[in-house]
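Structure record follows, encoded as structure tokens.
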Amino acid sequence: MNGVVFCHSMATRYRFGDSTIPHFITYSVVQWADALSRPAYKDIIVQSLRYCIQEKGLVVYGYVIMSNHVHLIASTTSSIPLQDIMRDHKKFTSRTLSKAIDQPTESRRNWLLWLFRSAGEANSNNTQFQFWQQDNHPIELQDNAMLLQKLNYIHNNPVTAGIVYQPEHYVYSSAMDYAGVKDANRLPVVLIDF
């Protein structure tokens, strides 16, 4: 047809590959609602990830927790598949975050709980509510170039969002670790040596 090449792209669904290879993982709040704007809510995610590291063999190489989504670069050293660890983490944080939000001190309480109930009712996989969107969008990172690109993307999220001027100034990110800031209270990260 006159030298025109047609590319047929197949619809692809993100899937976890080899759990021992680092994956770029993104999970977000339903409707991208800013449900994680309070530090206490981000701390729940950190505590759950810390548990997964200590008890399930999760290895975190990089992360950022934003107001409506989380990015991770992670793998596992255990026999528990990475997708199972993520499923359990999201299930636990969904329940815990919903309980934390269901407090009279939360000014957005009624709206957020309504949003979670509405999303749950619209999804046959849930019984009462849905906090996280269904997918994790895992991408298996095959080489250092991919790892570095995703790590820079993760660390620059708060800069792009206009929250901080420098990635290492954002508390809920591994950028501090890569900048050499030590803090025993932070999520333990395995630094990638490029």
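As the structure is a computational prediction, the values presented were derived from the model and not from experiment. FYI, the numbering just counts along the sequence from 1.
- A distance of 10.5 Å separates OG1 in T76 from CD1 in I53, rounded to the nearest 0.5 Å.
- Closest of all the heavy-atom pairs between L97 and W132 is CD1-CZ2, 3.9 Å.
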Side chain to side chain contact (heavy atoms under 4.5 Å, CB included) assessment of F129 paired with S94: CA-CA 9 Å; F129 65 91; S94 177; 3.2 Å; yes
Given the rule in the side chain to side chain contact (heavy atoms under 4.5 Å, CB included) test, do L151 and Y61 qualify, once you have shown the distances and angles that lead to the verdict? CA-CA 8 Å; L151 192 63; Y61 303 97; 5.8 Å; no
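- Residues F92 and F131 fall into different hydrophobic clusters, defined by Ile, Leu, Val, Met, Phe, Trp and Tyr side chains chained together at heavy-atom separations under 4.5 Å.
- Contact between L82 and S19 at its shortest, heavy atoms only, is N-OG, 2.9 Å.
- For the atom pair CD of Q133 and OG1 of T26, the computed distance is 10.5 Å after rounding to the nearest 0.5 Å.
- Once rounded to the nearest 0.5 Å, the distance linking CG of D102 with CG of L113 reads 4.5 Å.
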Please test V29 against Y41 for side chain to side chain contact (heavy atoms under 4.5 Å, CB included), starting from the C-alpha separation and ending with a verdict. CA-CA 12 Å; V29 179; Y41 302 158; over 6 Å; no
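- Using a 4.5 Å cut-off between side-chain heavy atoms of Ile, Leu, Val, Met, Phe, Trp and Tyr, with links allowed through other members, I25 and I21 fall into different hydrophobic clusters.
- Looking only at distances, a side-chain donor or acceptor of Y170 sits under 3.5 Å from a matching main-chain atom of I65.
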Begin with the C-alpha distance, continue with both residues' side-chain angles, and end with the deciding distance and a verdict on side chain to side chain contact (heavy atoms under 4.5 Å, CB included) for R38 and E106. CA-CA 10 Å; R38 304 191 191 287; E106 173 54 71; 2.7 Å; yes
Give the table of side-chain donor-acceptor pairs shorter than 3.5 Å for residues 186-194, with sequence neighbours excluded, one pair per line with atom names and distance.
unit_1: R186; atom_1: NH1; unit_2: V171; atom_2: O; d: 2.6
unit_1: R186; atom_1: NH2; unit_2: Y63; atom_2: OH; d: 3.1
unit_1: R186; atom_1: NH2; unit_2: S173; atom_2: O; d: 2.3
unit_1: R186; atom_1: NH2; unit_2: D177; atom_2: OD2; d: 3.0

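- No chain of hydrophobic side-chain contacts below 4.5 Å, direct or via other Ile, Leu, Val, Met, Phe, Trp or Tyr residues, connects V46 to M176.
- Sequence neighbours left out, the pairs with a member in residues 145-155 that pass side-chain hydrogen bond (donor to acceptor under 3.5 Å, both in side chains) are H155-S174.
- The CG atom of D43 lies 12.5 Å from the OG atom of S48; values are rounded to the nearest 0.5 Å.
- Taking all atoms of both residues into account, the shortest heavy-atom contact from S37 to R108 is OG-NH2, 3.2 Å.
- Heavy-atom minimum distance, L36 versus H69: CD1-N, 4.3 Å.
- Taking 4.5 Å as the limit, some side-chain heavy atom of P158 sits within range of a side-chain heavy atom of V64.
- Side-chain heavy atoms closer than 4.5 Å link hydrophobic residues (I, L, V, M, F, W, Y) into clusters, and following such links, possibly through other members, connects L115 to V70.
- No more than 12 heavy atoms of other residues, nucleotides or ligands sit less than 6.0 Å from atom CD of Q31.
- In this structure, P138 and D135 approach most closely via the heavy-atom pair CD-OD1, 4.2 Å.
- Cluster annotation: L148 is connected to V159 through the hydrophobic network of ILVMFWY side chains, with a link wherever side-chain heavy atoms come within less than 4.5 Å.
- When every heavy atom of M86 is checked against every heavy atom of N136, the shortest pair comes out as CB-ND2, 4.1 Å.
- Side chains of Y27 and L72 form a contact here, defined as non-hydrogen atoms less than 4.5 Å apart.
- In the displayed structure, W114 atom CH2 is contacted under 6.0 Å by at most 12 heavy atoms of other residues, nucleotides or ligands.
- One finds a salt bridge joining D84 and R87 here, because a Lys/Arg side-chain nitrogen approaches an Asp/Glu carboxylate oxygen to under 4.0 Å.
- Considering only heavy atoms from C-beta on, I45 stays 4.5 Å or farther from Y172 through its side chain.
- In this structure, the separation between NZ on K56 and CG on D88 is 3.5 Å, given to the nearest 0.5 Å.
- Judged by distance alone, the side chain of H71 and the main-chain N or O of F24 form no donor-acceptor pair under 3.5 Å.
- Atom CD in E121 sits 11.5 Å away from atom CD in Q130 (nearest 0.5 Å).
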